[in-house]
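Model, not experiment: these values are computed from the prediction. One-based numbering along the sequence shown.
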Amino acid sequence: GTTVLAETYDRGNRRTLGPAFTSHTFGKGRAIYIGSGLEAIYAETLMEPLRDYFATLLNPVLANWRTYEVEARPGLLPHFRASDGPLLLDLLANTGNKTKMLTVREHYLPIEQVKVRVRVPEGRKVKAVSLLRAGGTLKWSVSNGWAELVVPRILIHETVHVELG
């Protein structure tokens, strides 16, 4: 039941070192093992081809369990919180010009027009969608159990508030 999805290749010595990603099925379940340092390389370099490759491996596995989707943007970090009441999606825009000496003068660039999807819990309906930091409501639609919207601007932090009925 184990399938090798990718191998680690040593470019300097021109040889394959063994599996980097494997997938193992057991009954109706599936597990992916990442036994390489590619995730560390992505964290350091933010290379889009690596992020896209991770997505091709993980999306089929996570499709039924995913509770939200946020358009990938450099520096944008989502954090989802669900409860019996509203759904909250925090969006952190880590886009500051950090330097070691001038942290007092740090400036942030906004991230604009971010597409967001939030899964609507079964048996519930969306009553309203608003922004907690900027204030105001957002235009939204529901398609195939997902609330779809666009956050117009994120400056450091924004929270999408999905009111359910």
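Residues Val116 and Phe80 share a single hydrophobic cluster, defined by chaining ILVMFWY side chains whose heavy atoms lie under 4.5 Å apart. Residue Tyr68 is not grouped with residue Leu92 when hydrophobic side chains (ILVMFWY) are merged at heavy-atom distances under 4.5 angstrom, including chains of intermediate members. No single ILVMFWY cluster, assembled from side-chain heavy atoms under 4.5 Å apart, contains both Val120 and Trp146. The hydrophobic cluster containing Ile156 does not contain Val151, counting ILVMFWY residues as joined when their side-chain heavy atoms lie under 4.5 angstrom apart, directly or transitively.
Across all non-hydrogen atoms, the minimal contact from Ile111 to Ala93 is CD1-CB, 3.7 Å. Heavy atoms only, all atoms of each residue included: Leu138 and Val150 are closest at CD2-O, 3.9 Å. Of all the heavy atoms in Lys127 and Trp140, the pair that sits closest is O-CZ2, 3.8 Å.
With values rounded to the nearest 0.5 angstrom, Thr22 atom OG1 is found 7.0 Å from Leu5 atom CG. Expressed to the nearest 0.5 Å, how far OG1 of Thr137 lies from CG of Leu149 amounts to 11.5 Å. Taken to the nearest 0.5 Å, the CG atom of Leu77 stands 6.0 Å off from the CG atom of Asn94.
Residues Leu132 and Leu88 form a side-chain contact, since some pair of their non-hydrogen atoms from C-beta on lies under 4.5 Å apart. Residues Pro152 and Leu131 have side chains in contact (heavy-atom distance under 4.5 Å, counting atoms from C-beta outward). Within the 4.5 Å cutoff, the side chain of Val118 has no heavy atoms near those of the Val126 side chain. Looking at heavy atoms from C-beta onward, Leu91 lies in side-chain contact with Pro78 at the 4.5 angstrom threshold.
With sequence neighbours left out, the salt bridge (Lys or Arg N to Asp or Glu O under 4.0 Å) criterion links Glu7 to no other residue. Scanning for salt bridge (Lys or Arg N to Asp or Glu O under 4.0 Å) contacts around Arg73 gives Glu71, with sequence neighbours left out.
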>> Let's go through Val70 and Leu89 carefully: what are the C-alpha distance in whole Å and the side-chain angles of both, what is the deciding distance for side chain to side chain contact (heavy atoms under 4.5 Å, CB included) to 0.1 Å, and is it a yes or a no?
In response: CA-CA 10 Å; Val70 176; Leu89 178 63; 3.8 Å; yes
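Using modelled atom types, no side-chain atom of Arg66 and backbone atom of Arg119 make a donor-acceptor pair closer than 3.5 Å.
Among residue pairs with one or both ends in residues 147-165, those qualifying as side-chain hydrogen bond (donor to acceptor under 3.5 Å, both in side chains) are Asp90-His157, Asp90-Thr159, Glu112-Arg153, Arg117-Glu148, His157-Thr159; sequence neighbours excluded.
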